[in-house]
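Keep in mind that the numbers below use all heavy atoms, side chains included, and drop hydrogens, waters and symmetry copies.
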Amino acid sequence: MPDWSYQSLFRPLLFKLPARVARAVTLRAMGGLSAIPGGSLVIRTLGHMEVSPLLRRRLNAIDFTYPVGLSGGTDPHGNAHGALAQFGLGFLEIGPVTVQPILHKEAISRDSAREALVYPDRLENDGLEAIAARMKRKQGHKLPVFFRICAMPGSSRDQVLTEFGQLLDRLGPYAAGFYLDFLDESRLQQEIGEAGSCTLEIMRSARSLVPGKPLFIYIPLALPDGKLTALVRLLGEHGLLSEGIVLGDGLRTAQGYEIGASAKAPTIDKLNLLKRELPDSFTLIAAGGIHEPQDALDCVDAGADLVQLHSGLVYSGPGLPKRINEALLHRIVTTEEAEAAPSFWSGWGWMCLLGLGMIISGIIAWIIAATTVVLPYDTAFLCITPATMESINNRLLPFMSHDRVTLAGTMISIGILYGQLGWHGLRSRLHWARTALLTSGIVGFSSFLLFLGYGFFDPLHAAAAVILLPMFLFSMRDRIEWPSRKPTNVRNDWVWRMAQRGQLMMVALGFALAIGGITISVIGVTHVFVPEDLEFLMTNSASLSSANGNLLPLIAHDRAGFGGALLSDAIALLAASLWGIGQGQRWLWWTFLAAGLPAFIAGFSVHLQIGYTDLLHLSPAIVALLLYVLGLIWLYPYMVKSATPYAGSRRIAIEGAD
């Protein structure tokens, strides 16, 4: 469920359900998808979550692929950790974990205007035994896991020490580290003070029970600054300062435990304080109020080394980790000197030539299809003249013209996509552009075999393939990949929200065209015609075959070829729609516009010209045109008009606006 589907479809529906039900439905669906073979690949493909190895960090002897983690309350039962791990996360928190289960039936409420979730209790969890049993099973990911362990409410000093010992002992084999959450709001006064306090005993005990495991102190945002400073100094004086501090993700209110955007301000304040009190080697993790990439950037500026997400995923969507990663990556790459642009012949130039070749071939094919329709080798294969074809069926040549003009429009569309992706994508060595072109090209050139499905060899198509295939192979030689240096979106403003709808339209168009291409190819090599085709021709397949045994193979070759080309075009469009859309990416919006026009003009104009206006037959094209137009309209402010991705007002978080 990427942002374009979450913001546009699923969030409005889920927010009509009770929060617990919505969470369960979402996590079980994602967990179920990741559990089936290929499910994780589907999640990664839809979101393209791989960002860059430049974001890798090693802190406290632990390798973090990405600096973004998941707070434990987001998926308390671990239903979807395997799926969530594909979202661009670098680590997971599991917790809170207490010795006994703490369960509540009270509702979790949402305050959409303030972007907040309100829980009845901050310690709700399945208990030590259930969580330990869960960890024995296959997790579906390899991310480092940190357990946030807590004492049961009302536990005495001795009970707290005993419970922490049990938790550390049972969970130690599965933990990359621990968050020690012992500063409950109700005990803030007595937990910080003398050298012999429970705080020091917990730290000493933890050090002895899990030697070598990094320990992080979990700090409630309600902890007064003076108490926080006293705690840090107390631990430092006794040599018990942990490897890091995690700042909690919520605040106690009259309604319950609130986790939401309001936690950002106190998080920033405490980060600034801790940065002054602690050495640079100390790891700080911010978990509160991160609802858009700018929030994460602000926390990093204040001193955070890592960030965790909770309510931000609910209000912004599952693409938030990737967006944060991209914003952080942009900071890294813009501080480095830009690499010299690759030479024209290194790869991208060949793709531009391939695109130009496809455009020229499409124009030539369009001219032929609109005039003579058939070529000498077509008539040689049929052993009849065009005049004889007209005598067999006076609608036969117009029908073949309709197939060939639509193919020509698709070829021009492919050429524009390839040329633009080569010039802007391969030249910048963007991973997604190369993947899009590689996948589309393999499908496109493989579809040449469909021409042979009925024993008809098309020398013109063969010549084009012989000329263009080496260009494709040469363009794929350059496997070096660079992260994009263009600014990324950091705000959840109305422009971004509208763009999610536009992206949904373009992705839907890509999938629709892919399904159409597959369907046309299959029909082309099997039944050749759909019922509407035969109604237009006012005949049947048997009559055409009896009139000339080679007619069906010739028409089938046209149909299968068009289906293969449409599928290749759809894959390039779909990949660009899934992975390439970004704020300020003007070139891609203009590419969508330029690539779509020849295909739609060819398709609709030839149908009108020959009088093949059956509404059922044209309905897929009409729906595709509607998706295309809406996608361009909704994406325009985001991709073209919004020149500076870092500009923009604070997010608008009104549930009804969705």
Side-chain angles (χ1 to χ4, degrees), residues 1-11 13-15 17 19-51 55 64-95 108 117 125-126 130-131 133-148 174 176 249 259 287 290-291 306-326 432 500 503-504 507 511 574 578-579:
M1 134 179 355
D3 287 347
W4 44 265
S5 61
Y6 181 76
Q7 288 287 338
S8 305
L9 297 176
F10 295 113
R11 177 180 147 159
L13 295 175
L14 289 169
F15 273 38
L17 300 174
R20 288 188 186 275
V21 175
R23 182 176 70 180
V25 168
T26 303
L27 295 176
R28 286 173 183 168
M30 291 192 297
L33 175 59
S34 67
I36 64 176
S40 294
L41 176 62
V42 171
I43 295 172
R44 288 196 302 273
T45 299
L46 290 177
H48 199 246
M49 292 302 165
E50 293 80 7
V51 181
L55 291 171
F64 295 89
T65 306
Y66 304 115
V68 183
L70 183 74
S71 290
T74 312
D75 184 11
H77 308 300
N79 291 324
H81 280 173
L84 293 167
Q86 313 301 323
F87 286 4
L89 297 172
F91 62 101
L92 299 176
E93 173 194 279
I94 294 180
I108 300 170
L117 304 171
N125 72 100
D126 295 332
I131 292 173
R134 192 176 85 207
M135 296 307 297
K136 291 180 180 180
R137 301 191 294 269
K138 185 177 179 181
Q139 298 300 300
H141 66 87
K142 297 181 180 179
L143 299 182
V145 172
F146 296 85
F147 292 94
R148 174 157 66 98
Y174 314 108
D249 54 8
I259 297 175
I290 301 173
H291 283 214
L306 305 170
V307 296
Q308 286 185 185
L309 305 179
H310 187 158
S311 52
L313 282 178
V314 175
Y315 285 99
S316 296
L320 182 58
K322 180 189 175 187
R323 294 170 63 207
I324 292 173
N325 286 330
E326 290 175 339
W432 73 264
Q500 303 314 301
Q503 187 171 7
L504 174 63
V507 170
F511 275 117
L574 179 59
L578 284 171
W579 309 329

Item to check | pair Tyr174-Ile94: side-chain heavy atoms closer than 4.5 Å | outcome: no
Checklist entry - Taking the side chain as C-beta and beyond, is there a heavy-atom pair between Leu117 and Tyr315 under 4.5 Å? => result yes
Item to check | Contact check, side chains of Ile43 and Phe87, non-hydrogen atoms, under 4.5 Å | outcome: yes
Next on the checklist: Using 0.5 Å steps for rounding, measure from the CD1 atom of Ile131 to the CG atom of Asn125.
Outcome noted: 5.0 Å
Checklist entry - Short question: side chain of Gln503, backbone of Ser5 - any donor-acceptor pair under 3.5 Å? => result no
Item to check | Ala22 to Leu14 - nearest heavy-atom pair and separation | outcome: CB-O, 3.5 Å
Item to check | Phe15 side chain near Val314 side chain, heavy-atom distance below 4.5 Å | outcome: yes
Item to check | Leu313 and Leu70, any side-chain heavy atoms less than 4.5 Å apart | outcome: yes
Checklist entry - Where do Gln7 and Gly317 come nearest, in terms of heavy atoms and distance? => result NE2-N, 4.3 Å
Do any side-chain atoms of residues 76-83 form donor-acceptor pairs under 3.5 angstrom with protein atoms, and if so which ones, sequence neighbours left out?
| from | atom 1 | to | atom 2 | distance (Å) |
| --- | --- | --- | --- | --- |
| His77 | ND1 | Asp126 | OD1 | 3.0 |
| His77 | ND1 | Asp126 | OD2 | 2.8 |

Checklist entry - Under 3.5 Å, is there a donor-acceptor pair between the side chain of Glu93 and the main chain of Gly72? => result yes
Checklist outcome for this item: When every non-hydrogen atom of Ser34 is compared with those of Ser40, the smallest separation belongs to O-OG, 3.7 Å
Item to check | Stepwise side-chain contact (heavy atoms from CB on, under 4.5 Å) check, Val507 with Leu574 | outcome: CA-CA 6 Å; Val507 170; Leu574 179 59; 3.9 Å; yes
Checklist entry - Could you state the interatomic distance from CG (Leu55) to OG1 (Thr65), rounded to the nearest 0.5 Å? => result 10.0 Å
Item to check | Short side-chain to backbone donor-acceptor contact, Gln86 and Leu41, under 3.5 Å | outcome: no
Item to check | Shortest non-hydrogen contact from Leu578 toward Thr45 | outcome: CD1-O, 4.1 Å
Item to check | Residue pair Phe146, Gln308: steps toward the side-chain contact (heavy atoms from CB on, under 4.5 Å) verdict | outcome: CA-CA 12 Å; Phe146 296 85; Gln308 286 185 185; over 6 Å; no
Next on the checklist: Do Ser71 and Leu309 have side chains that approach each other closer than 4.5 Å (heavy atoms only, starting at C-beta)?
Outcome noted: no
Item to check | Heavy-atom pair of closest approach, residues Pro144 and Ala176 | outcome: CB-CB, 3.7 Å
Checklist entry - About how many Å separate CG of Asp249 and NE2 of His310, when rounded to the nearest 0.5 Å? => result 6.0 Å
Next on the checklist: With a sphere of 6.0 Å drawn around CZ of Arg28, does it hold more than 12 non-hydrogen atoms of other residues, nucleotides or ligands?
Outcome noted: no
Checklist entry - Should Val145 and His141 count as side-chain neighbours, where that means a heavy-atom distance under 4.5 Å? => result yes
Item to check | Point-to-point distance, once rounded to the nearest 0.5 Å, from CG of Leu320 to CG of Leu89 | outcome: 9.5 Å
Checklist entry - Under 3.5 Å, is there a donor-acceptor pair between the Gln500 and Ser8 side chains? => result no
Next on the checklist: Run the side-chain contact (heavy atoms from CB on, under 4.5 Å) test on Ile324 and Ile290 for me, step by step, so that the C-alpha distance in whole Å, both residues' side-chain angles and the decisive distance to 0.1 Å come before the verdict.
Outcome noted: CA-CA 10 Å; Ile324 292 173; Ile290 301 173; 3.9 Å; yes
Item to check | Derivation and outcome, side-chain contact (heavy atoms from CB on, under 4.5 Å), residues Phe10 and Thr26 | outcome: CA-CA 9 Å; Phe10 295 113; Thr26 303; over 6 Å; no
Checklist entry - Relative to each other, are the rings of Phe64 and Phe91 parallel, tilted or perpendicular (30° and 60° limits)? => result perpendicular
Item to check | For the student: nearest non-hydrogen atoms of Asn325 and Gly88, plus distance | outcome: ND2-O, 2.8 Å
Checklist entry - Hey, what do you get for CG (Leu92) to CG (Leu84), rounding to the nearest 0.5 Å? => result 7.5 Å
Checklist entry - Are any of the side-chain heavy atoms of Tyr66 and Lys322 separated by less than 4.5 Å? => result no
